[in-house]
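Report on the structure given below.
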Amino acid sequence: MPELPEVEAVRRQLEPVMVGARITRVELRRPDLRAPFPRRFAQRMQGATTLALTRRAKYLVASLSSGDSLVMHLGMSGSFRVPHASDAGDAHDHVVFHLSSGVEVVFNDPRRFGFMDLVRTARVDRHPSLIGLGPEPLSAAFDAAALARACAGKRTSLKVALLDQQVVAGLGNIYAVEALHIAGLSPLRRASTIATPGGVPREAAGRLAAAIKQVLDEAIDRQTSAPYRSDRFRVYDRAREPCRRPRCPGVIRRRTQAGRSSFYCPVCQR
DNA sequence: ATTGAGACCTGTCGGC
DNA sequence: TGCCGACAGGTCTCAA
């Protein structure tokens, strides 16, 4: 489920519930997710108040009054919910945060590709999962120049480059493919072609950077207004269907790149 | 240094 | 109905 827009939606949903509330108890239903929980994970959070809930790329970070920060990732199938009294629970509810407000926050993750770690807040920026991340795509730091610099000299495809979290942090398979369609760029094209050999942006870099911002902005907006729409994607999962660009006669193709499915229009994406 | 392939897990869907 | 393979929105590790 989660790329940057979905993680941001989770953050907005949890923020009013968690921030300001004290964690009375943390219940671990199993010893690990993708990795084992750190030593004394639950005990270290007990009694602490959540001061802030922020997002970096696809990671959520809860900073606690104890001086620790909880770093979380949803993997492929992770989700949070605030159960009501009638909630029956689920076999994949792995972590339950009991809050002083009486509310519970439950982390559910069938595939267990998610993870949680607890580190000193002063060192959270140096967390191994966060340290290598590239620019936030919606920040001013991410523009044509930054994208071109990151792609210059790259021999991989544009699509694979966009999935590289060092190039831009937070894009996943769906929005990478969507942004390329908006920009009219083929996912198969060599990443280095959007920059000069010196790393100066060509025109395509500007289009792509703008398309990335657009597709993420739209998706974040949609999370709050109309999360479920059958036509929410331009190309993703639309193989053999007509291209949605006005007057484009193309038909969407599917191809595997680096083990992930790409979808693109061979007519209007070059 | 980059890059691709495989691994990690469970669930769902389409075809037979 | 059941079984089987293919696939799923992510990231890490390992070997070329």
Side-chain angles (χ1 to χ4, degrees), chain A residues 1-11 29-37 55-61 71-80 90-95 107-117 127-134 137 149-181 187-193 195 199 212 215-216 218-220 222-223 227-240 252-264:
Chain A
M1 184 198 165
E3 296 185 33
L4 185 152
E6 291 76 22
V7 177
E8 178 59 23
V10 170
R11 192 196 69 74
R29 303 263 174 91
R30 52 174 301 127
D32 57 3
L33 294 169
R34 185 168 86 209
F37 292 109
R55 181 189 57 72
R56 173 77 172 102
K58 301 172 197 170
Y59 293 86
L60 289 170
V61 179
V71 181
M72 299 174 276
H73 196 288
L74 302 176
M76 287 279 247
S77 58
S79 64
F80 283 96
D90 180 274
H92 303 296
D93 289 348
H94 303 312
V95 184
F107 179 72
N108 180 285
D109 186 4
R111 292 177 75 178
R112 301 202 303 278
F113 289 170
F115 98 121
M116 291 190 187
D117 198 4
H127 190 281
S129 295
L130 304 182
I131 196 156
L133 294 173
R149 237 180 293 123
C151 287
K154 271 206 180 285
R155 308 177 63 77
T156 31
S157 65
L158 216 35
K159 160 71 183 311
V160 172
L162 291 184
L163 291 181
D164 181 345
Q165 302 294 298
Q166 282 195 254
V167 171
V168 52
L171 276 191
N173 201 39
I174 292 181
Y175 297 115
V177 148
E178 293 289 291
L180 286 165
H181 184 256
L188 312 175
R189 178 172 161 152
R190 199 180 265 239
S192 59
T193 62
I212 289 168
V215 77
L216 295 177
E218 284 176 5
I220 289 172
R222 210 171 37 226
Q223 298 291 335
Y228 303 108
R229 293 173 51 141
S230 58
D231 63 340
R232 64 197 189 286
F233 302 130
R234 290 165 175 84
V235 284
Y236 181 79
D237 206 20
R238 294 192 60 243
R240 298 183 304 282
I252 305 307
R253 276 191 200 158
R254 176 185 179 279
R255 266 198 58 149
T256 300
Q257 293 183 278
R260 322 292 305 278
S261 288
S262 289
F263 299 87
Y264 65 103

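Order of the sequence lines sets the chain letters (A, B, ...), proteins ahead of strands, with each chain counted from 1. If you're wondering where the values come from, they're calculated on a predicted model, not measured in any experiment.
- dC12(C) atom P lies 9 Å from atom CG of Leu133(A), rounded to whole Å.
- Two residues, Arg34(A) and Ala91(A), neighbour DNA chain B, and the one matched to the more 5' nucleotide by heavy-atom proximity is Arg34(A).
- Nearest to the side-chain atoms of Lys58(A) among the listed nucleotides dC12(C), dT3(B), dG10(C) stands dG10(C).
- Remark: the separation of the P atoms in dT11(C) and dT12(B) is 23 Å, to the nearest Å.
- dC9(B) makes up no base pair with any nucleotide shown, lacking Watson-Crick or G-U wobble contacts both under 3.5 Å.
- Heavy atoms of Arg260(A) sit under 4.0 angstrom from at least one base atom.
- For the P atoms, the distance linking dA6(C) with dG6(B) amounts to 13 Å, nearest Å.
- Here Phe113(A) packs flat against the base of dC8(B); its ring centre is closer than 5.5 angstrom to the base's six-membered ring, tilted by less than 30 degrees.
- Both distances falling under 3.5 Å, in either a Watson-Crick or a G-U wobble arrangement, occur for no nucleotide opposite dG9(C).
- Among the atoms of the strands shown, none is found under 4.0 Å from any heavy atom of Gly259(A).
- Nucleic acid contact for Tyr236(A): sugar-phosphate only, since backbone atoms but no base atoms lie under 4.0 Å from a heavy atom of the residue.
- The ring of Tyr175(A) does not lie on top of the base of dG9(C); it is either too far (5.5 Å or more) or too tilted (30° or more).
- Each of Leu158(A), Leu163(A), Val160(A), Thr156(A) was evaluated against Gln257(A); a single residue qualifies, Val160(A), per the side chain to side chain contact (heavy atoms under 4.5 Å, CB included) test.
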